[in-house]
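The structure under discussion appears below in the form of structure tokens.
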Amino acid sequence: MGMNEPIEPGGGPSLDDLAVYALDAHEPEEAQAIAAYLDQAPGAARRERALRDAAGEYGAAAAPESDPPGDLRERVLGAARAGRVPSPVVAGASPIDVHRTELSRMVMLLADLTPGEWGRPVDPPEFAGWTVHDVAAHIAANESLLADHLGVPVPGVPETEQDNIGRTAAAQARHRTLPPRVAVGELELAAEAVDTEVQARGESRLDERVEWWDGPTALRVALLVRAFETWTHADDVRRATGRPMVAPPEQSLRTMASAACGFVPAFLAVREVHHPGRVVRFRFDDLGPEAAWEVDLGVIGGVRPAGELVVDTEIAMSGLAFCRAVSNRPAGDNDFTATGDSALAAAVVDALPALAFL
Amino acid sequence: MEQRRIHQGKWAERVLAERLAGGDRSALVDLYDRYAGFVYGLALRTLANRQAAEDVTQEVFCALWENPGQFEPGRGTLRGFLGTMTHRRAVDLIRREEARRRRESRAPADRDGPDLAETVARSDATGRVRDALATLPEAQRRALELAYFHGHTYRQVATVLQIPEGTAKSRLRLGLQRIAEILRPELSEKWA
């Protein structure tokens, strides 16, 4: 078939005309006629879409990025929100949504790195000698481990170690011989496998046990730990590459903060600080209404909504700062105010990073 | 601004699209922060006017936020989709301006700025599409640049290059076809 002949037996535009149309390079009346034809010709429409996608990628490849003026961001966001009001944040996000949000953000962050950024060192002392590439390999290894435990292993990932440290070391050694895009690809495949599986299982099965580093763990906990860790390391990558740190969405932070409250007794236990029967209330002033939870320091996981227990001390602080403290990362603002037993409050806040090494 | 390498996975973009569809305000921020440099850069490259580029940038993000279902993750990348939206609006602006100039009998404005070859050379050398552009015959590259970045119709391309209109169409089709085949190799058997 010649490229000037109609592409379909009954007539219609030629392939030349479809390409010109995909480039928006027809005269207006010609474009209208082609548009009308494509509305009724799905085969031709598919070809046109392929050409139009190619036109979009051509533009993407050929035009250099350019920093917009600084004030454009708020103008655009304000105009967009005025055109369509965002959904209200009424409650904490499901661990499924928290996981998929932070993992997808990490994938896109890594996908945007320039070749020179992959070799930058990251700053946490426990990762001395690690580069951004090593962090990506570490996150991919841990996500593929969860995928393994959910019965959806990632094809082509050879690591079989079942512990965090061993699996990370093996994955990093392998990825140091491979292009960075392989780590990004493995992370995305693992995250998608986990996401697809947990969505299929649904909310009702989030309390089922899954094998984890130190034994069977509720799936909701495993997902939140993965999200927490991924967000923490995404900010490590952002600092290493000169990007601003990014907080999880408010609805995710509520879920992450309330879950982390449940681990406060474990944080204290690691520090060999014991206060059985004592109760702490956390109140987070940046997480919307009723963002307050009470924790019996003698019961790991025993977090309750505020108002149910007799409280020995109340700690008011930023939820974001609380989560960053749990991750042992700089928060900029670790200030808190305590009412009641201030010494207990200080001991609790001091213990927050105790399990960050995991 | 150093050019980026783009990973071509689809899952992360699908999650972002779903978050946008759900009205998640943080997804709107993520969308802008990730793609504003590209959208603004493409608009600026096409329009050679900062205010117009800002206006197009705002239109593109508002349009996608207000109607997120426009983007179908299985059909292409979000970057390609935003590129199409940006280009279409920019070309509309160029043609309205040209029509106004014709009505006012003014000479067309000179379009300063780098040509495509110079732009590609400055861009990051990685990427399959960029590699494909480098292998295109000059005649096809020039035709694509005139149509895409200068908003010319195929007739205007023919006039500028002093070639028949049919030849202009063919050059545009061959260049675009080559890019499409880079993106989807299975297409090479299916054009006929």
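Because the structure is predicted, anything quoted here is derived from the model rather than measured. Within every chain, numbering begins at 1; the chains are lettered A, B, ... in the order of the sequence lines, protein sequences first and strands thereafter.
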Cut-off 3.5 Å, side chains only: do B:Gln156 and B:His150 have a donor facing an acceptor?
no
Contacting moiety of A:Leu18, where chain B heavy atoms sit under 4.5 Å:
neither
With chain A as the partner, which of B:Asp24, B:Val91, B:Leu64, B:Val29 has the greatest number of non-hydrogen pairs under 4.5 Å?
B:Val29
Does a donor on one side chain and an acceptor on the other come within less than 3.5 Å for B:Gln58 and B:Tyr40?
no
Report which part of B:Tyr32 has an atom under 4.5 Å of a heavy atom belonging to chain A: side chain, backbone, both, or neither.
side chain
Pick from B:Gly23, B:Gly41, B:Cys62: which one has the most heavy-atom pairs with chain A under 4.5 Å?
B:Gly23
With a 4.5 angstrom heavy-atom cut-off, could you sort out which part of B:Arg171 is near chain A: side chain, backbone, both or neither?
neither
Less than 4.5 Å to any heavy atom of chain B: does that hold for the side chain of A:Glu250, its backbone, both, or neither?
neither
Atom group of A:Ala191 that falls short of 4.5 Å from chain B, counting heavy atoms
both
Between the side chains of B:Thr84 and A:Arg52, is a donor N or O closer than 3.5 angstrom to an acceptor N or O?
no
Would you check if the side chain of B:Trp65 reaches a backbone N or O of A:Ala80 as a donor-acceptor pair within less than 3.5 Å?
yes
Name the member of A:Val20, A:Val246, A:Asp24, A:Thr196 that forms the most heavy-atom pairs with chain B at distances under 4.5 Å.
A:Asp24
For the pair B:Lys10 and A:Glu188, evaluate salt bridge (charged side-chain N to carboxylate O under 4.0 Å, His left out) and give the outcome as yes or no after the intermediate values.
CA-CA 9 Å; B:Lys10 297 292 180 66; A:Glu188 185 166 34; over 6 Å; no
B:Glu18 versus chain A, heavy atoms under 4.5 Å apart: side chain, backbone, both or neither?
side chain
B:Leu20, part contacting chain A, at a heavy-atom distance under 4.5 Å:
backbone
Against chain A, label B:Arg88 side chain, backbone, both or neither, depending on which of its atoms sit under 4.5 Å from a heavy atom there.
both
Do you know which of A:Ala31, A:Gly59, A:Ala22, A:Ala79 has the most heavy-atom pairs under 4.5 Å to chain B?
A:Gly59
Distance alone, cut at 3.5 Å: any donor-acceptor contact between the side chains of A:His233 and A:Glu102?
no
A:Glu203 and A:Ser94: side chain donor to acceptor below 3.5 Å
yes
Which bit of B:Arg178 comes within less than 4.5 Å of chain A, counting heavy atoms only: side chain, backbone, both or neither?
neither
When the 4.5 angstrom heavy-atom criterion is applied to A:Arg73 and chain B, the contacting part is both
Between B:Phe149 and A:Tyr58, is the ring centre distance below 6.0 Å?
yes
Looking only at side chains, do B:Thr153 and B:Arg155 share a donor and an acceptor under 3.5 Å apart?
no
Segment of A:Asp97 engaging chain B (4.5 angstrom heavy-atom cut-off)
neither
Could you go through the salt bridge (charged side-chain N to carboxylate O under 4.0 Å, His left out) check for A:Glu30 and B:Lys169 one step at a time?
CA-CA 13 Å; A:Glu30 293 171 313; B:Lys169 285 187 178 181; 5.1 Å; no
